Structure formats: structure tokens, C-alpha cells
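Only one structure is covered here, and it is reproduced in the block below.
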Amino acid sequence: MGISRRQFIKSAASSLGLVALSPRLGVAATSRIATLRAAPMEQSIRAGAPRTNFWGFNGSVPGPLLRYRKGESVRLTFQNALEAESAVHWHGVRVSNAMDGVPYVTQNPVKPGGDFVYEFALPDSGTFWYHPHQSSFEQVPRGLYGALIVEEEHPIEVDRELVWLLSDVRVGEDGLQVEDFGRILDIANDGRIGNEVLVNGRAAGAGNVLEVRSGERIRLRLINAAAARVFQLELHGHAMNVIAYDGQAVEPHAVEHLIIGPGMRADLVVDCMQAPGSRFLMNDTHRRSAGPIASLVYGDARPLRRKPLGAPMRLAPNRLPEPDLAKATEHYIMFQGGMRGAPTMGIVDGKPVRSHELMERHGLAWTMNYTAEHEHALMHEPFLHLRRGEHVVLRMINETDFVHPMHLHGHFFRVVGVDGRKEARPVWRDTVIMGPRQTIDVAFVADNPGDWMYHCHILDHAAGGMMGTIRVA
Ligand SMILES: [Cu+2]
């Protein structure tokens, strides 16, 4: 089946513009990409559509897929061919602080025409991604994002592996991006939601066809690179077996709905056991305006196998420092703000201001422990100081009516409690969704020294005050 299978994979891959790799075929893991160049570019989001203006890495949206093996080192030169300052952040990779890519906090911003060399080791296998951290509410939805995959030492056996970067874009009828970034109306609500959902830079929907063969096992790495859109995915006729969240192994389990907020990832194993010629939808059901993401269409080829592949789905866990709750110090962070139920005041630059001034004068809408922080260039002292090696429980109290995917840099944490109830199987995450009015407890060991961003990954919320740094020293 060698050639026909390869052709089949190639055609399935090109139809979606996605990357298909098969660990069973022994594809080389080491990315040969040495340069990431950010520049304005254009591409069509569907066949025959007018071209849409983007900012992309190496001329495409998403940027090139970076793929390495666990334990390898990365050396990449970032070249800034934009007319704006930028830098690259490696979401979820436990890098040293100087390589974290946060302008004004961990490095000087890379000026237009400038470059910066990133060099770091990859301690964890998993599904990660990269994007700028400067004016990210604008630079990410303009198209600057890509996947960074780190293979396990012993990858699980599958027939095919796919990486889907989910995102969206706000386009007009002329196909051009509507450049209304950073409006207070978006900042103070759910964030700026695009009107076209994208999978790997191409329009999602029922017409976004993934050809599958009956009997095959697919590993699907999902990354939510949208600035604000939360996805709740359903896959008809198939079990979605989650094997990792945010790149970290979990006990394989089937879910009916998969909620994946901005910044978050999920690795799925899907056994395609339906009949040749059949067709199924993957739907997003999170928003009223949501709809199909993709169609799974079975080819006519005879089934690859009659029963699902028996190989284990469980991934070997990465070695992460285990927090000891008995000796952990507790810290509280309260979140307030937004259009509904906004607080009556917030502290900006050390001075209390009324909430309407917060929005009208400062363009801010959210507070953490009463303080609304500016973006990096004007950022103040860390709001939390941790000793290196300190075991920590962060209790995050969401006093808002909105969802917030909260992301901590440089560390993974265990989600140990929800609304005061202990989680039976606390998962590792680098980004956790807080529902409206929900309280989430996370625990971690602050073992990575430096000033680390802690922020909402709805990028308009981050720009609107929901960001700050945690110092580990
Ligand atoms: Cu938020």
C-alpha cells in the first residue's frame, strides 16, 4: 500500500493545507527551519476567494510547523520585517526567562528591520505554539502564529498525525481584514471575534474536508490560536479520546465536548471506524453563531482494519516538579471588570480611578486584585513575589461575568480545585479556563527564576488590564 497510501496522505494534506506526518513512517523530527521572518503577506482563505492581507511568518499563515524531539535544542533567528516592534514567545515551552520573548519584560523589542536569536532546550514533549507577545491583540489575529511540536521519545502508534491551528479573522466583503483592533467595546466584552473561522489559515466549515480511510487511527493536535474565540468541539460518529492537554499527558479518556480556549491545546486520538463513503461533521457549538469546523469524509478504499488499532494511547508523562499542597503557600487573585458588573474603581499607575475613567481615559476594562495593568512597555512591578523553589497554590477568583483562559509563562501548574472542590485527577496545564464567577485553584513549584507573564489569553482582555508579572527569585 506504500505509494497509494502516501498519495492518499498527500492529497488529504493538501486539501486542507495541513501537515500530515506519520510517526510509523519514521519522518525526521528535527525542524530545518533556522529563520522566522515576520512580514506582511497575502493569501486566500478559500479557493477562488479574494486574497486577504495578513502578517505571517515565512510568508504563510500559520507560520512554518516547527517539529523537534524532546531534549533537542532550538536555535532560531527571528527577523522583523514588519513596520512594528515585535518578538516571539514560545507558548508552553519551559524556556529560561531571557528566551521567553516578552518585549520590555524579558528582552528589548525587536525593532523593524532588526533580528533576535532565540536559543533554548526542549525539556518537555508536547503540542506548543509560537506567537508575538507585543500588541498581541493585533499581531496574533493578523496572522502571526505557528505550531511547535516536540515529539515524545517513544511516540504512540498512529497511522497519521495532523496539526490543526484553529483561529479566526475579521474580513470584509473585499476579503481584506477589518483593521479595528483594540476597540474598547471588544476589550470590555468577549474580545474581538472574527467572522471567518480558520483551520490552518483556510476557511473552516463543512467544505473543509478531511479525507479519512476506514480503520485508520489519527492523532489530532489542536491548538487554539484565536485572539478571543473559545471553541467547544463535537465530532459526530467518533470518540474524541483526549491524550494530552496543553502538551502534557492525561489518562486517555473520551469526551463528548472539547472546550478549548485561546492559547490552549488538546491532543486527540480518533479511530475512524465508520464505513467507506460515509461523512461526518466536526462542529463548534460554543457560540450561537458557531457551526461546522470540518467534514470527515471516508474514501472508498477497503478498510485498513476492521477493529480499532490495539496500540496503547497513553503518553509517557514529562517530568514536572510536583507541588506539595501540604507545604504550599496560598495566594489569591481576584478578577473584576468587563461591560457587565464592572467594579466601581480600579487602580491605574498607583491611583484609584472610577470605572468609567478606566475605560474612557485609559482604555482599560479589567482588574486583577483591583489593579489594571498596561501593556508591557508601561508595566509596573510584579504583583506577586515568589521564592525560587516555593510550592504555591494560586486561588483565582473570577468576579466577572466572562470566561478567562489564564496563562502562566515558564511553568506548568496542576488544576487542583474548582469552586472549592478538590479535583480527583488534577491535570497539568499552562492555560486554564475560568468560567464566569468561577474559582479555580492551581498549584505549582516556582522553580524557574525570572519575571513571568501571567495574563488572560483573550488577548483583548490582556490589553485591557488583565496582565501582570510574577517574579520568581
Ligand atoms: Cu479574559
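What you are looking at is a predicted structure, and each value in this text was computed from that prediction instead of being measured. Both counts, for ligands and for their atoms, begin at 1 and track the order of listing.
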- Message: Tell me whether the rings of H238 and F280 are parallel (<30°), tilted (30 to 60°) or perpendicular (>60°).
- Response: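 Judged by the thresholds at 30° and 60°, the geometry between H238 and F280 is perpendicular.
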
(request) On the 0 to 90° scale, with breaks at 30° and 60°, tag the H133-H89 ring pair as parallel, tilted or perpendicular. (result) perpendicular

Got a salt bridge between [X] and [Y], using NZ or NE/NH1/NH2 to carboxylate O under 4.0 Å?
{"X": "D180", "Y": "R192", "value": "yes"}
{"X": "K351", "Y": "E357", "value": "no"}
{"X": "E152", "Y": "K70", "value": "no"}

### Task
List in chain and number order the residues that pass salt bridge (charged side-chain N to carboxylate O under 4.0 Å, His left out) with E330, two or more places apart in sequence or in another chain; answer none if no residue qualifies.
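In terms of salt bridge (charged side-chain N to carboxylate O under 4.0 Å, His left out), with neighbours along the sequence ignored, E330 is linked to no residue.
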
Within the 2.8 Å cut-off the protein N, O or S neighbours of the Cu ion (ligand 1) are H404 ND1, C456 SG, H461 ND1

